[in-house]
Protein chains: 2
Amino acid sequence: MRQIHHPSLAQITLTDIMYALSDPTRLEIVARLAKADRKMTCGEFDLNRPKSSLSHHFKILRAAGLVETMIEGTEHMNTLRLSEIEQKFPGVLSAVLQAIVVN
Amino acid sequence: MRQIHHPSLAQITLTDIMYALSDPTRLEIVARLAKADRKMTCGEFDLNRPKSSLSHHFKILRAAGLVETMIEGTEHMNTLRLSEIEQKFPGVLSAVLQAIVVN
DNA sequence: TCTATTGTTCGAATATAATCGAACAATAGA
DNA sequence: TCTATTGTTCGATTATATTCGAACAATAGA
């Protein structure tokens, strides 16, 4: 477990971002992270799904570069990489987040 | 053939949009349509693929609400539904288009 | 050292998507 | 009516994703 890989800004692609956001569960996770604006453990999002399924979705969010996960004890603390994504793709993620709130 | 179904604004979902934009070929089609800013036939995008594959991608773009196709003679004229999508999800598609141009 | 907690990985089943040739449909124009 | 043009639909194959239980790994705290 120990270390978790995160892509650098240069490695993040628009298609990966779009793909990660095309699943309702993942979109929900991203929305909750944005709204909370703090580190959240995987368990806090009590979506109605087994651990292994959630772990899978977090893996995709991390691989896309949307979520950063830092290990603190036995917990995995997740944050949205909002400012970084905004730097690379200005307006994309912020507009998506706004769209989730409104719609 | 005759008529082609297009979703109404109310039927368009963010996840469908994200999914449609997660494929490089479709993203390319959307980018070309935006840049051209005019009606384009399917054949004009000479992507290196068989007709049936392109037809499949256009179908998904239409179903997501991104592309409108009007039949003129034997040709199918495609346009981006940019202003409509902007109305429902302000900033999302325009930011994506900008990101394609820059990156 | 034992146990509880948190999350990942594995493996297998199921579902969804991409790809492309061939056949088909609609229309324009000769 | 015949033919060329433009795309769609069908059907089959291959590739990717999703889902979830079970086993595993890392750590904290008793």
Side-chain angles (χ1 to χ4, degrees), chain A residues 1-7 13 15-30 32-33 36 38-80, chain B residues 1-7 13 15-30 32-33 36 38-80:
Chain A
M1 238 186 212
R2 207 147 65 254
Q3 283 260 61
I4 289 186
H5 174 260
H6 294 94
T13 69
T15 48
D16 283 350
I17 297 272
M18 295 293 103
Y19 172 68
L21 295 175
S22 72
D23 177 274
T25 300
R26 294 194 291 262
L27 203 53
E28 169 85 18
I29 290 170
V30 167
R32 298 268 290 276
L33 275 176
R38 62 177 175 78
K39 299 188 283 186
M40 290 179 73
T41 66
C42 302
E44 276 188 277
F45 308 78
D46 48 4
L47 307 161
N48 205 19
R49 295 237 173 21
K51 294 186 303 174
S52 54
S53 297
L54 290 184
S55 188
H56 165 72
H57 287 304
F58 274 99
K59 193 174 185 176
I60 288 171
L61 288 169
R62 276 193 297 266
L66 283 164
V67 167
E68 183 173 6
T69 303
M70 279 160 303
I71 301 176
E72 297 185 7
T74 62
E75 296 181 320
H76 288 205
M77 307 307 299
N78 300 284
T79 52
L80 242 203
Chain B
M1 237 186 214
R2 209 151 61 255
Q3 282 261 61
I4 288 186
H5 174 260
H6 294 95
T13 69
T15 48
D16 282 351
I17 298 272
M18 295 293 103
Y19 172 67
L21 296 175
S22 72
D23 178 274
T25 301
R26 294 193 291 262
L27 204 52
E28 170 86 18
I29 290 170
V30 166
R32 297 269 289 277
L33 275 177
R38 62 177 175 79
K39 299 188 283 186
M40 291 179 73
T41 66
C42 301
E44 276 188 277
F45 308 79
D46 49 3
L47 307 160
N48 206 19
R49 296 238 172 19
K51 294 187 303 175
S52 54
S53 298
L54 290 183
S55 188
H56 165 73
H57 287 305
F58 274 100
K59 193 175 187 177
I60 288 172
L61 289 169
R62 276 194 296 268
L66 283 164
V67 167
E68 184 173 5
T69 304
M70 280 160 302
I71 301 176
E72 297 184 6
T74 62
E75 297 182 323
H76 289 205
M77 307 306 299
N78 300 284
T79 52
L80 242 203

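Every chain is numbered from 1 and lettered A, B, ... according to where its sequence line falls, protein lines coming before strand lines.
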Has B:Asn78 got a side-chain atom pairing as donor or acceptor with B:Thr69's backbone, closer than 3.5 angstrom? no
Tell me the interatomic distance from A:Arg62, atom CZ, to C:dT9, atom C1', rounded to whole angstroms. 12 Å
5' to 3', nucleotides 14-21 of chain C under a 4.0 Å protein heavy-atom cut-off (B base, S sugar-phosphate only, - none) gives ---SSBBB
Sequence neighbours excluded and cut-off under 3.5 Å, please list the side-chain donor-acceptor pairs for residues 20-30 of chain B, or say none.
residue: B:Ser22; atom: OG; partner: B:Tyr19; partner atom: O; Å: 2.7
residue: B:Asp23; atom: OD1; partner: B:Thr25; partner atom: N; Å: 2.9
residue: B:Asp23; atom: OD1; partner: B:Arg26; partner atom: N; Å: 3.1
residue: B:Arg26; atom: NE; partner: B:Ala20; partner atom: O; Å: 2.9
residue: B:Arg26; atom: NH1; partner: B:His57; partner atom: ND1; Å: 3.1
residue: B:Arg26; atom: NH2; partner: B:Tyr19; partner atom: O; Å: 3.4
residue: B:Glu28; atom: OE2; partner: B:Arg32; partner atom: NH1; Å: 3.2

Check the distance between D:dT6's P and B:Asn78's CG and give it to me in whole angstrom. 14 Å
Represent DNA chain C in dot-bracket notation, 5' to 3'. Only Watson-Crick or G-U wobble pairs with both distances under 3.5 Å count; pseudoknot-style crossings use [ ] and interstrand partners use |. ||||||||||||||||||||||||||||||
Contacts of type side-chain hydrogen bond (donor to acceptor under 3.5 Å, both in side chains), residue B:Lys39, not counting sequence neighbours: B:Glu72
Would you please name every residue forming a side-chain hydrogen bond (donor to acceptor under 3.5 Å, both in side chains) with A:Glu68, sequence neighbours left out? none
Using atom CD1 of A:Ile4 as one end and atom P of D:dA26 as the other, report the distance to the nearest whole Å. 13 Å
Who passes salt bridge (charged side-chain N to carboxylate O under 4.0 Å, His left out) against A:Lys59, sequence neighbours left out? none
Phosphate oxygens OP1/OP2 of C:dT27: is one of them under 4.0 Å from a side-chain N or O of B:Thr74? no
Distance in Å, B:Leu54 CG paired with B:Asn48 CG, rounded so as to fall on 0.5 Å steps: 9.5 Å
How long is the line joining CG of B:Asp46 and P of D:dG7, in whole Å? 12 Å
When the distance from NZ of B:Lys39 to P of D:dT6 is rounded to whole Å, what number comes out? 16 Å
Between D:dT27 (P) and A:Met77 (CE): distance, integer Å: 16 Å
Is there a side-chain contact between B:His76 and B:Thr41, using heavy atoms and a 4.5 Å cut-off? no
May I have the distance from B:Phe58 (atom CZ) to D:dT6 (atom C1'), rounded to whole angstrom? 12 Å
Restricting to non-hydrogen atoms, name the atom on A:Ala63 and the atom on A:Pro7 that form the minimum distance, rounded to 0.1 Å. O-CG, 3.5 Å
Point-to-point distance, once rounded to the nearest 0.5 Å, from CE of B:Met77 to CD1 of B:Ile71: 12.0 Å
Atom CD1 of A:Ile71 and atom C1' of D:dA25: how far apart are they, to the nearest Å? 11 Å
For D:dG7, does either OP1 or OP2 sit under 4.0 Å from a side-chain N or O belonging to B:Thr41? yes
